[in-house]
Amino acid sequence: MTSSHLGTRADPGSFRDPTNRVFHDGDQVLRGLDPQAARDWAALAASAFFAGLLAEGKVCGTAQVDPAVLPGWTAVLRHERIPFVSHPYEWSFGMLRDAALLHLEILRRALPAGFSTKDGSAYNLQWRGATPIFIDIGSFTPLTDGEPWAGYRQFCQTLLYPLLLQAHLGLDFQPWLRSRVDGIEPDQMRRLFRGARRLLPGVPTHVHLHGAMQRRHAGASSADVRAQLRSAGYSRELALATVRGLERLIRRLDHREESSHWVDYQRTCSYTAPDRVEKERFVETAVQAAGGPRLVLDLGANDGRYARIAARHAAVVVAVEQDPAVVDTLYRTLRAEGDQRILPLVMDLADPSPGGGWGGVERAGFTTRARADVVLALAVVHHLAIGRNVPLGQVVDQLLGCLRPNGRLVVEFVHPEDPMARRLLANKPDGIFPEYRRDVFERLLAARCRVERQRELPSGTRTLYQVVVGD
């Protein structure tokens, strides 16, 4: 089924469950339900456990609306709009762990009430700042006693296995999740956890036993597997015990990144105290001038100093940083504060998240999602232009491409004589960056946008610019 309303478009990531599908109509997020999904929703909406999850903000706000808004569907729901959709391979370890725990908490509360979830995917969760939220309302289904949790495999592949990989082996999980939309297969994990590693917490049951069960039932239908489990006495109580066991396991998993240069950047960078004060003042004035922006992107956010300034005036700030350790530290701090405005993400700006999944659009790339009212690019340009050899004009184009029409860019140019720029240039052949100059940068800005104001910092080796792009 599809919607015929002009301006309504189907979400490219919502097609795997034929009983319901998500659509976008302007700022509205709508979900069409077929007859079976409509009956499941009626039962869910009448349940006390779901009402509790809604009241606590653990599932996205949802209300039933007139089905005429999506012709061809039996019932239609309107969901709370998530201000910035992120993907699990953009999260830190702590974020992925907390998302997994929320998923399990929801399932633990659903089972005694007679409900389960069809899916166990990490993509079923999003964020209000540093607070996870479950968004796949169509995943809830009445529980059939004797049947296993249908989402267990997805949960392992997109949540548990990445956590085990990083907690036990110290390997960043982000590249693994980014490379495959369905996550890490049990056979891949089995090869990594041989010998003494077989006995690490969670590995015997959820990697080796799980993989063996999949191989054993590879030729059997889902109905046959469910029948075998029922005859073996599988029950709701056993399902609940499995969920509780997974919760205990994941709460014990932890990973603290090794210290890096970026973790302590604010102390080790070349900023003087007057520079920092002037920079903070410049950023705050720029965000205020945007008149209450809905979305600010802080690219190269580091410890979140400027994201916090922006959050005083913006509805949502997405703080993007390459170093997973820095992002995880920032996330844990924001989570402890109960922040619901700043979303920290792990991403290399020279290699941003591409589109992925079916048709390359099931999971939208970062440049497709990044349309902000204000973009902060502070101490970023020299890392891209010198550190990663990106032509200066292309750096400017990429930053401006993250803005909505009439959006503002706050960008810092680090002069070639600045200590940080000299450090990067020292590792490059002489004369390779003749165009990395302040006058060239200013010409590039003037050709693409209007410079509203600029300020050279007191140290004399860095200049801030506030620019606006037209329609």
Side-chain angles (χ1 to χ4, degrees), residues 26-27 57 61 80-86 90 126-131 133 265-266 271 273-321 326-327 329-331 333-345 347 349 366 369-381 399-413 445 449-457 462-471:
D27 281 342
E80 163 191 356
R81 185 174 187 82
I82 302 302
F84 192 88
V85 172
S86 61
E90 298 166 347
Q126 285 298 322
W127 298 85
R128 292 192 196 98
T131 302
I133 176 175
Y265 180 74
Q266 290 294 341
Y271 285 116
D275 276 6
R276 185 173 289 114
V277 170
E278 187 62 36
K279 188 172 176 180
E280 290 175 356
R281 184 182 298 122
F282 192 95
V283 168
E284 183 145 30
T285 300
V287 179
Q288 282 179 310
R294 288 191 300 171
L295 176 63
V296 173
L297 294 181
D298 184 4
L299 304 179
N302 200 259
D303 65 359
R305 174 185 295 265
Y306 301 101
R308 290 178 181 277
I309 292 172
R312 297 171 189 165
H313 311 284
V316 175
V317 179
V318 176
V320 178
E321 170 58 45
V326 175
V327 175
T329 299
L330 176 58
Y331 167 71
T333 301
L334 294 170
R335 179 190 62 186
E337 296 170 356
D339 182 90
Q340 295 204 353
R341 288 197 176 192
I342 301 174
L343 170 64
L345 295 179
M347 195 181 310
L349 294 174
F366 179 72
R369 289 172 280 143
R371 290 294 179 269
D373 302 296
V374 177
V375 170
L376 307 180
L378 307 168
V380 165
V381 171
L399 297 176
L400 293 175
C402 293
L403 286 167
R404 295 189 177 109
N406 297 313
R408 283 177 169 79
L409 168 66
V410 180
V411 60
E412 179 178 15
F413 185 76
L445 287 180
C449 51
R450 176 168 56 87
V451 178
E452 291 185 308
R453 64 191 181 106
Q454 66 185 71
R455 176 76 168 94
E456 186 174 298
L457 295 181
R462 298 181 179 226
T463 304
L464 300 172
Y465 302 86
Q466 176 185 314
V467 306
V468 61
V469 295
D471 293 314

Contacts under 3.5 angstrom, residues 369-376 side chains, donor-acceptor by atom type, not counting sequence neighbours:
from, atom 1, to, atom 2, distance (Å)
R369, NE, A364, O, 2.9
R369, NE, G365, O, 3.3
R369, NH1, V85, O, 2.9
R369, NH1, E90, OE1, 3.0
R369, NH1, E90, OE2, 3.4
R369, NH2, E90, OE2, 2.6
R369, NH2, A364, O, 3.3
R371, NH1, T367, O, 2.9
R371, NH1, G401, O, 2.7
D373, OD1, R404, NH1, 3.1
D373, OD2, R294, N, 2.9
D373, OD2, L295, N, 3.0
D373, OD2, R404, NH1, 3.0

When the side chains of residues 310-319 are checked against the rest of the protein, which donor-acceptor pairs come out under 3.5 Å, sequence neighbours left out?
from, atom 1, to, atom 2, distance (Å)
R312, NH1, E284, OE1, 2.8
R312, NH1, E284, OE2, 3.2
H313, NE2, E284, OE2, 2.7

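With hydrogens and angles ignored, the 3.5 Å screen pairs a side-chain donor or acceptor of Q126 with a backbone N or O of S86. Side-chain N or O atoms of E321 include one that pairs as donor or acceptor with a backbone N or O of N302 at under 3.5 Å.
Remark: R81 CZ to D27 CG distance equals 5.0 Å, nearest 0.5 Å. Here the straight-line distance linking atom CD1 of I82 with atom CD1 of I133 works out to 4.5 Å at 0.5 Å rounding.
Remark: E337 engages R308, T333, L334 in a side-chain contact (heavy atoms from CB on, under 4.5 Å) (not counting sequence neighbours). Every residue was checked against the ring pair (Phe, Tyr, Trp, His ring centres under 6.0 Å) condition with F282, not counting sequence neighbours, and none meets it. For R455, the salt bridge (charged side-chain N to carboxylate O under 4.0 Å, His left out) partners at least two apart in sequence or on another chain are E278. Residues passing the salt bridge (charged side-chain N to carboxylate O under 4.0 Å, His left out) test with E80, sequence neighbours excluded: R128.
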- [ ] Could you walk me through whether L399 and V381 pass side chain to side chain contact (heavy atoms under 4.5 Å, CB included), step by step?
- [x] CA-CA 9 Å; L399 297 176; V381 171; 4.2 Å; yes
Open item on the list: Working note: D303 + T329, criterion side chain to side chain contact (heavy atoms under 4.5 Å, CB included); need CA distance, chi angles, decisive distance, verdict.
Closed with: CA-CA 8 Å; D303 65 359; T329 299; over 6 Å; no
